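Notes for the one structure printed next.
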Amino acid sequence: MKYTTRQSAILLLSDGTIFHGKSIGISGKTFGEVCFNTGMTGYQEIFTDPSYFGQIMVATNPHIGNYGVNDLEIESDSIKISGLVCKNFSFNYSREDSSGSLEDYFIKENLICISDVDTRALVSYIRDNGAMNAVICTDGTSIEDLKKELANVPNMEGLELASKVSTTEPYFFGDQNATYKISALDLGIKKNILRNLAKRDCYIKVFPYNSTYKDLAEFNPDGYFLSNGPGDPDPLFGAIEVAKEILANDNPLFGICLGHQVIALANGVQTYKMFNGHRGINHPVKNLITGKGEITSQNHGFAVNKEALDNHPDLEITHLHLNDGTVAGMRMKNKNCFSVQYHPEASPGPHDSSYLFDQFVENIKLATAKTI
């Protein structure tokens, strides 16, 4: 194998801390909030997840790229992370059904990556000091110039990003002859959410993030869905108003992640930015209704205020994160509405929580039966 020399690269954190590594070959610099994901598989799904828009991803798995990429293993039509930090980047891949190398994929998408970083030390630092803005630089820009540019990057708190990843025009997904129709508000929806709804006999119309309740209702849906997405939920005034109107009309409603937070805000329950968030496919959650534990896929940097939720007369906590006791799910006592902070559509897994899509369809069936 021919030896090639790679350009030195750095990761500069907003507090001035520097981690050194090597560029995979794409020259430039990229900015975002640095965060880490503990998943051992599914890197392509992570890179294309719209919820990661505006974030520099640190992979805790020491080997990234070893199984290449596959055109079917995407959650959106393009890479959504701002940049990648990893330990060992595999330029070669060995999986038979791969459609190409991760290197070629990054070149096509112009994604800047720094490898050969001590990611264990970096993740430990983020855990101790919290998520913060950072820059990956592979083009030799001076530290002082990078610090000046980094100082102008907005913080994630208060940042509205759904508009950056949402569809600009409505579109349909699934079989138009399906039994149930769903209006989905796209705040950064993942393809596997649509796949899970479609295989449960649902036909989905996906609407832009700034659509109104009237827009969604004109499809005459049997149920409504509020999707995952990036950024702070607080500035999503339009989506919060949509949730309020759905609830006022007592339509079946299901929310995931950002959608879950929007439903909380629609009920007057505040959200907050977490110290470093939950990102991985091994997060333990307890279902308080069944008493069962679930291993879940999670990706969020904001959460719903547990104390406010406990004191709300119309809301009930249904799921708790077992690592830190944060809210992982809730339902309304007086409305046909529930939501979770994690990803039941998890791809490549785990699949412990896929029953939530069945629960949504059952809620739609009950609502339909009442109107007959």
Side-chain angles (χ1 to χ4, degrees), residues 14 31-35 49-55 80 82 130-133 152-167 184-190 207-213 215-216 224-248 253-279 298-312 314-315 317 319 321 324-332 335 337-343:
S14 59
F31 299 83
E33 182 185 68
V34 66
C35 63
D49 182 349
S51 296
Y52 283 121
F53 184 85
Q55 293 180 312
K80 293 299 189 294
S82 295
M132 67 185 78
N133 286 337
N152 293 322
V153 177
N155 292 321
M156 191 64 71
E157 191 166 10
L159 201 58
E160 185 279 299
L161 293 177
S163 59
K164 308 294 185 183
V165 295
S166 178
T167 183
L185 190 65
D186 178 11
L187 305 176
I189 199 165
K190 293 170 66 177
F207 292 83
Y209 81 102
N210 56 353
S211 300
T212 65
Y213 174 72
D215 295 330
L216 274 66
Y224 293 80
F225 176 77
L226 302 183
S227 85
N228 62 292
D232 191 335
D234 212 44
L236 293 174
F237 306 113
I240 294 168
E241 184 58 34
V242 168
K244 287 180 179 179
E245 293 190 55
I246 293 171
L247 295 174
L253 176 61
F254 179 27
I256 289 177
C257 281
L258 188 58
H260 160 82
Q261 296 160 13
V262 165
I263 291 171
L265 290 168
N267 280 283
V269 176
Q270 294 304 303
T271 59
Y272 63 94
K273 189 177 188 301
M274 303 175 74
F275 189 60
N276 50 40
H278 295 154
R279 298 174 182 91
Q298 303 210 4
N299 168 20
H300 59 101
F302 291 81
V304 174
N305 185 296
K306 184 176 182 292
E307 183 179 1
L309 191 51
D310 273 329
N311 293 325
H312 197 289
D314 298 327
L315 292 169
I317 298 175
H319 299 76
H321 195 294
D324 58 9
T326 53
V327 176
M330 65 183 184
R331 67 181 179 184
M332 295 195 68
K335 299 289 182 181
C337 170
F338 74 103
S339 60
V340 289
Q341 183 62 82
Y342 53 96
H343 288 273

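All figures in this text were calculated on a predicted structure; none of them were measured in a lab.
For the pair I189 and S227, the tightest heavy-atom approach, listed with the atom from each and the gap, is N-OG, 3.5 Å. Residues T271 and P233 share a closest heavy-atom pair of OG1-CG, 3.5 Å. Considering every non-hydrogen atom in both D215 and F207, the closest pair reads O-CE2, 3.4 Å. In plain terms, the two heavy atoms of P235 and G158 that are nearest each other are CG-O, 3.5 Å. When all heavy atoms of L187 and Y209 are compared, the closest pair comes out as CD2-CB, 3.9 Å. For K335 against A248, the heavy-atom pair with the smallest separation is NZ-O, 4.2 Å.
Residues in residues 301-310 take part in these side-chain hydrogen bond (donor to acceptor under 3.5 Å, both in side chains) pairs, two or more places apart or across chains: K306-D310.
At least one donor-acceptor pair closer than 3.5 Å links the side chain of H312 to the backbone N or O of N267. Within the 3.5 Å criterion, the main-chain N or O of S163 finds no donor-acceptor partner in the side chain of S166.
Legend: residues meeting salt bridge (charged side-chain N to carboxylate O under 4.0 Å, His left out) with K80, ordered by chain and number and at least two apart, are absent.
To the nearest 0.5 Å, atom CD1 of residue I317 and atom CG of residue L309 are 4.5 Å apart. L258 CG to Q341 CD: the interatomic distance, rounded to the nearest 0.5 Å, is 9.0 Å. Residue M332 holds its CE atom at 13.5 Å from CZ of F338, rounded to the nearest 0.5 Å. For the atom pair SG of C337 and OH of Y224, the computed distance is 13.5 Å after rounding to the nearest 0.5 Å. Residue N210 holds its CG atom at 14.5 Å from CZ of F237, rounded to the nearest 0.5 Å. Atom CD of E157 sits about 12.0 Å away from atom OH of Y272, to the nearest 0.5 Å.
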| message | Quick one, M274 with D324, criterion side chain to side chain contact (heavy atoms under 4.5 Å, CB included). Give me CA distance, side-chain angles, the key distance, then yes/no. | response | CA-CA 11 Å; M274 303 175 74; D324 58 9; 4.1 Å; yes
| query | V304 and H260: side chain to side chain contact (heavy atoms under 4.5 Å, CB included), yes or no, with the steps? | reply | CA-CA 8 Å; V304 174; H260 160 82; 3.4 Å; yes
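F302 is listed as a side-chain neighbour of M156, based on a closest heavy-atom distance under 4.5 Å. Side-chain contact between N133 and F31 is absent, with no heavy atoms from C-beta onward closer than 4.5 Å. Taking 4.5 Å as the limit, some side-chain heavy atom of D234 sits within range of a side-chain heavy atom of Q270. V269 has its side chain out of reach of M330: every pair of non-hydrogen atoms, C-beta onward, lies at least 4.5 Å apart. Contact annotation: the side chain of E245 never approaches that of L216 to less than 4.5 Å [non-hydrogen atoms, C-beta and beyond].
Taking the six-membered ring where the residue is Trp, H278 and H300 present perpendicular rings, their angle passing 60° and hence far from 30°.
Heavy atoms of other residues, nucleotides or ligands lying less than 6.0 angstrom from NZ of K273 number more than 12.
If you check the side chains of N228 and S51, you find a donor sitting under 3.5 Å from an acceptor. No donor-acceptor contact under 3.5 angstrom links the side chains of D49 and H343, judged on distance only.
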